[in-house]
Amino acid sequence: MFGTIPAALTYYWRMKMPETARYTALIARNMKQATADMSRVLNKDITEEEEQVRLQVVSGDTWGLFSRQFMSRHGLHLLATTSTWFLLDVAFYSQNLFQKDIFTKVGWIPPARTMSALEELYRIARAQALIALCGTVPGYWFTVAFIDIIGRFWIQLMGFAMMTIFMLAIAVPYDYLVKPGHHTGFVVLYGLTFFFANFGPNSTTFIVPAEIFPARLRSTCHGVSAAAGKAGAIIGAFGFLYASQDQKKPDKGYSAGIGMRNALFLLAGTNFLGLLFSLLVPESKGRSLEEISKENFDDDKVDPTGV
């Protein structure tokens, strides 16, 4: 329940924030309010340029999510953002939520029945902290450092590619890596999958939908993409738990699955599909939101691929 406190604080501070100037000016068409909000946020005087804004308000702010114009301009983009976020979360949450089970099955931590509750808590926390400090956290900072140098498209493509490679590097010699004395190799490879998840699609799948869609539908398309991701998380969470069960000796209360090794192969295939769908994601590095979303272009001047 302690988690409700930061959530409540987030809600309070979000209510104190003004609406984005692009939405207020171009969609709500309240230039006076947009100017006042921008002046307050930037702490400087900004003059109204109503005529310039009027010229920027094009037909793009009138068509909806299911219109021909949207499908022509952004249909493939929405397919790209929903599918990549979905596939990422299938793989990412499968690995993340069941780290304890994976660590136990490869022998990095002993079975729960052999430990007290406090010892189990300590060992699991230590293992997860090691993965986070060596893989998850550095991956995010690498994204922060390189996203405007390498670009969203290449970071996402690289991330899915490396996740596929390292997942295969775990799955192929799985029987060797789970033997005593070889756990270090497993942990290193496993940590690298998290590093390239965060220096890759776990960052970009959240960023790209906020940049490539027109102002009127930006939040909607981001929400649709995020919902697809959470659907993938549900499938990953439940699917991996059952799929990874041993084919001959499943855990009590579970039916036989395809085994941990085959489950890892399945996750590698999921990451590879994410790589393929990432080819549909447009690059937004160094471009304005209006240029990316084609809001100020007529339909006959828009390339349906978004390039």
Backbone N or O of [Y] within a donor-acceptor pair of the [X] side chain at under 3.5 Å?
| X | Y | answer |
| --- | --- | --- |
| T143 | N198 | yes |
| T164 | F272 | yes |
| N202 | A197 | no |
| T205 | P201 | yes |
| S278 | G274 | yes |

Taking atom [atom1] of [X] and atom [atom2] of [Y], what is their separation to the nearest 0.5 Å?
| X | Y | atom1 | atom2 | result |
| --- | --- | --- | --- | --- |
| I155 | T204 | CD1 | OG1 | 7.5 Å |
| L87 | M163 | CG | CE | 10.5 Å |
| R261 | L266 | CZ | CG | 13.5 Å |
| L264 | T270 | CG | OG1 | 11.0 Å |
| Q128 | T136 | CD | OG1 | 10.0 Å |

Review point. For the ring pair Y190 and F194, is the centre-to-centre distance below 6.0 Å?
Key: yes

Practice item. Kindly indicate whether the side chain of F213, heavy atoms from C-beta on, has any atom under 4.5 Å from the side chain of L78. Key: yes

Check your understanding: Taking side chain as C-beta onward, heavy atoms only, is F153 less than 4.5 Å from L279?
Key ->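 They are in contact (side-chain heavy atoms under 4.5 Å apart), so the answer is yes.
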
**Study point:** Pair R152 + E211, salt bridge at N-O below 4.0 Å
**Key:** yes

Exercise for review: Decide, yes or no, whether a salt bridge links D89 with K230 under the criterion of side-chain N to carboxylate O below 4.0 Å.
Suggested key: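 Yes, this pair counts.
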
Parallel under 30°, tilted from 30 to 60°, perpendicular over 60°: which one fits the rings of [X] and [Y]?
| X | Y | value |
| --- | --- | --- |
| F142 | F146 | tilted |
| F206 | W85 | perpendicular |
| F70 | H74 | tilted |

Review point. Strictly by modelled atom types, are Q245 and S255 linked by a side-chain donor-acceptor pair under 3.5 Å?
Key: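 There is no such pair (donor and acceptor under 3.5 Å, judged by atom type) between the side chains of Q245 and S255.
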
